[in-house]
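The next block holds one structure in the form of structure tokens; read it before the comments.
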Amino acid sequence: MKNTKLQAFIPLVYLVWSDDLLTQKEFATIQQFIHDLTWLSPEEKQQLLSKVDISNPPSRNELAQWKLDIEKSIQDKASIKSIFDIAEALSEKDVDISAVKPEFIKLENDLGILGEEVIQNFKTKASSFTANSQTTSNFDIQKITELLDGKEAAIIKRVKSVISRPEFAYETSTDINVYRQTVYNWCKILAEENLGNMAYPKQYGGGENIADYFAIMETLSYHDLSLVIKFGVQFGLWGMSVQSLGTEKHYAKYLKDIGSLKIPGCFAMTETHHGSNVKGLETTATYNHNDQTFTIHTPNKNAQKEYIGNAAVHGQMATVFAKLIIDDHDYGVNAFVVPLRDTNGNVLNGVTIGDCGHKMGLNGVDNGTISFNNVVIPKENMLDRFASVNDKGEFESPIPSDNRRFFTMLGTLVGGRIGIPRSALAAAKSGLTIAIRYSDQRRQFGLEGGSEVPILNYRMHQRRLLPHLAKTYAVHFALQYLTKRFLNRTEDEMQEIEALAAGMKSYSTWSTRDILQECREACGGKGYLSENRIDALKNDTEIYTTFEGDNTVLMQLVAKNRLSEFRKAFGEMGSLGIINYVYENAKAAITEKNPIATRRTDDEHLLDEQFHLQAFIHREKTILASAAQRIKKLVDNGLEPYDAFNVVQHQMIDVAQAYLERVVLEQFQAAIKTVEDEKSKVILTQLNQLYALSQLEKNKGWYLEDGYMEAVKTKAIRKMVNQLCWDIRPDAVALVNAFDIPESCLSAPIAVN
């Protein structure tokens, strides 16, 4: 472009053709921008329009020349932050383009062009990979570690010290029996350290500290996950079922010996044909009033207890869930302590135990099947906190409603649904630490004639790992919030906490599954080698999406809870209240869906936490209201509620997902507000922004369909995600080091710092 005025438009024209994602609409926007420029003559406008004609693209040589002109003009100009700044730098000295600055800035916003990222495209070749390639720490790692560990820092440090001992060296034998014995021996050491009984009352030898128990589970997950599950079955499921469902006589008889591992035990709920549907269990416990005993019986092969941890080799007793039958009347599922083996390990009469054998992962856990053939146990073996049989042989319960009693009993599972997502989170942290450290050291390609560069300098590699790192930090704070709510729970909020626990269990374990897959691929062939541990992390956490409740089923539970809350809100309002509610929602939608908001792409707006939260809340509320409306319509048209819910099941997953994403974002934002150290706050804020925007990017199809955003805005979000990955990259290694995972636990040659 020989015309000195038109020189200023070179960066704009270059961007039009270098961005292969520009739409027809965006070409039209640029053409309209040129038409409206009063600063140019009709001839100059025509010449410029010819350069943005979609049917007549420039040659490769022209593109290369434009880029060269731009690079020369902005070299070493740190103050350049926008396309207008580049245009100004390209202008001849006698040409003042300041008059068109507002139009340029508006166009940048309309097109979703982010100055910072665009500038990187125009840096000279020599600086393209060295910029931001150096690993640094712009914050105090120790301060982030302290924030993550919180009040449980002392117990976390203690557990890390124990699992770093030589006797906790990883088992390398492929013999399943050797592996199981090693894991059992590790559990004994933890019991001797009084870590297993941490949640039990002090009078029974425990530490009476559930918060510390959860922290122990999470920290052990930096080590071998078979150990975590074995530990969780013994001291969590078995011990806490006695503590939660039993009464004083059971505590006195069992808790001390469970905590010391003198009585290894199981949690026998799942049956071959009944996993998530606990109400449908077929094992029976028939009461015999004459001798005051219960007969535990497995009526058919599909009613056998299956996948029971600790059953195949070590379990001496089990909490068995069975239907209570009194005088041929079914009183629903209750819990009973049933002996399986004597102290020498011999299986007792009437009990048949099978071995589930080799599994995809967790082969240090002895999962087995259990069948009962008319096994008789004394009356006191019924765990009778919520239901019992009185001296007359009659059923009694402090909770009259069968349904409420059942769900109160199942509420004891909430602890497991907090322990498992926290364990999954630790596995994700391990995988990310290995992958990010490796990608900071592994060098590939680079400039011709120059040295190779760390693969973490590649934008795509940052894209693969850093949004996952941001999400892992976000989930950490959300799980801290869930744990705190569980520890300080009141009866009124138990249903909501149970739903939140079910949801966070799904959200965290699905997240870990995806993260570990990406970490494996990001490490290439090295990630496939067992010595680098990603295979063990992947295989062992695979089942996390299934046990303690299948994730998809749990998400339905979350959605039902949200619908119930929605219905409750309407039920408590008068007709005027409903009108106001609808009006308020409509008013918010009008504000957020106006053309300025849906197309707004400036950095300040895109990085604003209120914009993030409002967008998440809008999605959550809209999806929930839509699902409720759809179910109501189906029911009004004559469909049974069960069938109506079945029709919209796919939508229920969206309801739960939107709710959980909002909670996770909200809690990450809340945690950052408590941080006093300024440098820590800066990096955590960037991670928070990356989590929020990467989720908005993931859901962009929904936002576009809903009209909450236009394409120009979702494109700007995509570019901002790229920019945030670039900005966080220098601190990536420091951020995974802040997890403070013992080197002996990482144990991956490619992760050596």
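Note that the coordinates shown come from a computational prediction; the quantities given were computed from them, not determined experimentally. The residues of the chain are indexed from 1 along the displayed sequence.
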Note: [X]-[Y] ion pair, threshold 4.0 Å (strictly below):
X: Lys471; Y: Glu661; result: no
X: Glu521; Y: Lys538; result: no
X: Arg729; Y: Asp727; result: no
X: Glu496; Y: Arg485; result: yes
X: Glu208; Y: Lys202; result: no

Could you list the donor-acceptor pairs under 3.5 angstrom formed between side-chain atoms of residues 151-162 and any protein atom two or more places apart in sequence or on another chain?
from	atom 1	to	atom 2	distance (Å)
Arg158	NH2	Glu193	O	2.3
Lys160	NZ	Asp740	O	2.9
Lys160	NZ	Asp740	OD2	3.3

Legend entry - Donor-acceptor side-chain pairing of Ser423 and Tyr544 below 3.5 angstrom: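 A pair is found: one side chain offers a donor N or O, the other an acceptor, under 3.5 Å apart.
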Inset, instruction - Would you please say whether a donor-acceptor pair under 3.5 Å links the side chains of Gln480 and His476? - result: yes
Inset, instruction - I would like to know whether Lys505 and Asn551 meet side chain to side chain donor-acceptor pair (under 3.5 Å); could you show each step before the answer? - result: CA-CA 8 Å; Lys505 184 266 178 183; Asn551 281 2; 2.9 Å; yes
Would you say [X]'s side chain and [Y]'s backbone share a donor-acceptor pair under 3.5 angstrom?
X: Lys681; Y: Val675; result: yes
X: Ser508; Y: Pro421; result: yes
X: Gln441; Y: Val752; result: yes
X: Asn532; Y: Ile750; result: yes

Inset, instruction - Would you please indicate yes or no on a ring centroid separation below 6.0 angstrom for Tyr170 and His223? - result: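 Centroid distance His223-Tyr170: below 6.0 Å, so yes.
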Inset, instruction - Compute the ring centroids of Phe739 and Tyr473, then answer whether they are less than 6.0 Å apart. - result: yes
Legend entry - Stepwise side chain to side chain contact (heavy atoms under 4.5 Å, CB included) check, Leu432 with His468: CA-CA 8 Å; Leu432 284 165; His468 282 312; 4.1 Å; yes
Legend entry - More than 12 heavy atoms from other groups under 6.0 Å of CD on Glu604: no
Legend entry - Set of ring pair (Phe, Tyr, Trp, His ring centres under 6.0 Å) partners for Phe477, sequence neighbours left out: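 Applying ring pair (Phe, Tyr, Trp, His ring centres under 6.0 Å) to Phe477 gives Phe668.
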Legend entry - salt bridge (Lys or Arg N to Asp or Glu O under 4.0 Å) between Lys715 and Glu697, intermediate numbers included: CA-CA 9 Å; Lys715 277 187 66 177; Glu697 182 185 34; over 6 Å; no
Inset, instruction - For side chain to side chain contact (heavy atoms under 4.5 Å, CB included), just list the numbers for Asn688 and Leu665, CA-CA rounded to whole Å, side-chain angles, deciding distance to a tenth of an Å, and then say yes or no. - result: CA-CA 8 Å; Asn688 179 259; Leu665 178 68; 3.8 Å; yes
Look up atom [atom1] in [X] and atom [atom2] in [Y], then write down how far apart they are to the nearest 0.5 Å.
X: Leu425; Y: Met504; atom1: CG; atom2: CE; value: 8.5 Å
X: Arg619; Y: Arg662; atom1: CZ; atom2: CZ; value: 13.0 Å
X: Ile420; Y: Phe547; atom1: CD1; atom2: CZ; value: 4.0 Å
X: Cys725; Y: Met460; atom1: SG; atom2: CE; value: 9.0 Å

Inset, instruction - For the residue pair Trp510 and Thr545, establish whether any side-chain heavy-atom pair is separated by less than 4.5 Å. - result: yes
Legend entry - Note, Arg463 side chain near Val721 side chain (heavy atom, < 4.5 Å): yes
Legend entry - Arg489 NZ/CZ over Phe486 ring centroid, <6.0 Å and within 45° of normal: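 Yes; both conditions hold, so Arg489 lies above the ring face of Phe486.
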Legend entry - Exercise: identify the closest heavy-atom pair between Asp540 and Leu362: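 Looking at all heavy atoms of both residues, the closest pair is OD1-N, 2.6 Å.
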